[in-house]
Amino acid sequence: MSSINPRDEFYSGLDDWWAQLWALRIGAESPNNHIKTKFFDLVTDRCSEAGDWRIKDGDMEGLFSEFVEDLGTW
């Protein structure tokens, strides 16, 4: 049996959450990949700071809110 790379598992879960956000929760087409990459960078940074790479739905919602607020500073 092959083991799953934790980094691949992290990004797979993050990608799933992103897709569900736009398709099921917001009901809109997701923005371009540049925006997605910026969000993934934010989540990666926060997980690294916390030393915890498990994706929890409530935490993701908070990070997305932080991300949207940061859009105004670009």
**Q** When rounded to the nearest 0.5 angstrom, what is the spacing between CZ in Arg46 and CZ in Phe67?
**A**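 The CZ atom of Phe67 is 11.5 Å from CZ of Arg46, to the nearest 0.5 Å.
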**Q** Checking Asp52 now: which residues fulfil side chain to side chain donor-acceptor pair (under 3.5 Å) with it, not counting sequence neighbours?
**A**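 Result, side chain to side chain donor-acceptor pair (under 3.5 Å) vs Asp52: Arg54, Lys56.
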**Q** Has Glu49 got more than 12 heavy atoms of other residues, nucleotides or ligands less than 6.0 Å from its CD?
**A**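 Yes - once you tally the heavy atoms of other residues, nucleotides and ligands closer than 6.0 Å, there are more than 12.
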**Q** Mind checking the OG1-CG spacing from Thr73 to Asp70? Nearest 0.5 Å is all I need.
**A**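 CG of Asp70 is found 5.0 Å from OG1 of Thr73.
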**Q** Would you give me the side-chain donor-acceptor pairs under 3.5 Å for residues 11-19, sequence neighbours excluded?
**A**
from  : atom 1 : to    : atom 2 : distance (Å)
Tyr11 : OH     : Thr44 : OG1    : 3.2
Asp15 : OD1    : Lys36 : NZ     : 2.4
Trp17 : NE1    : Asp57 : OD1    : 2.7

**Q** Please lay out, stage by stage, how Met60 and Gln20 fare under the test side-chain contact (heavy atoms from CB on, under 4.5 Å).
**A** CA-CA 12 Å; Met60 293 298 297; Gln20 289 176 15; over 6 Å; no
**Q** Spell out, yes or no, whether Ile26 and Phe40 are grouped together once hydrophobic residues are joined by side-chain heavy atoms under 4.5 Å, including indirect joins.
**A**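 Shared cluster, yes.
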**Q** Shortest non-hydrogen contact from Phe64 to Leu21?
**A**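 Scanning both residues, the minimum pair turns out to be CE1-CD2, 3.6 Å.
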**Q** Please round to the nearest 0.5 Å and tell me the distance separating atom CD of Glu9 and atom CH2 of Trp53.
**A**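 Between atom CD of Glu9 and atom CH2 of Trp53 there are 13.0 Å.
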**Q** Under the criterion side-chain contact (heavy atoms from CB on, under 4.5 Å), I'd like the reasoning laid out for Phe39 against His34: C-alpha separation, chi angles, the key distance, then a yes or no.
**A** CA-CA 9 Å; Phe39 179 67; His34 176 71; over 6 Å; no
**Q** Is there a path of hydrophobic side-chain contacts, each under 4.5 Å between heavy atoms, that joins Ile55 and Leu24?
**A**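 Hydrophobic grouping puts Ile55 apart from Leu24.
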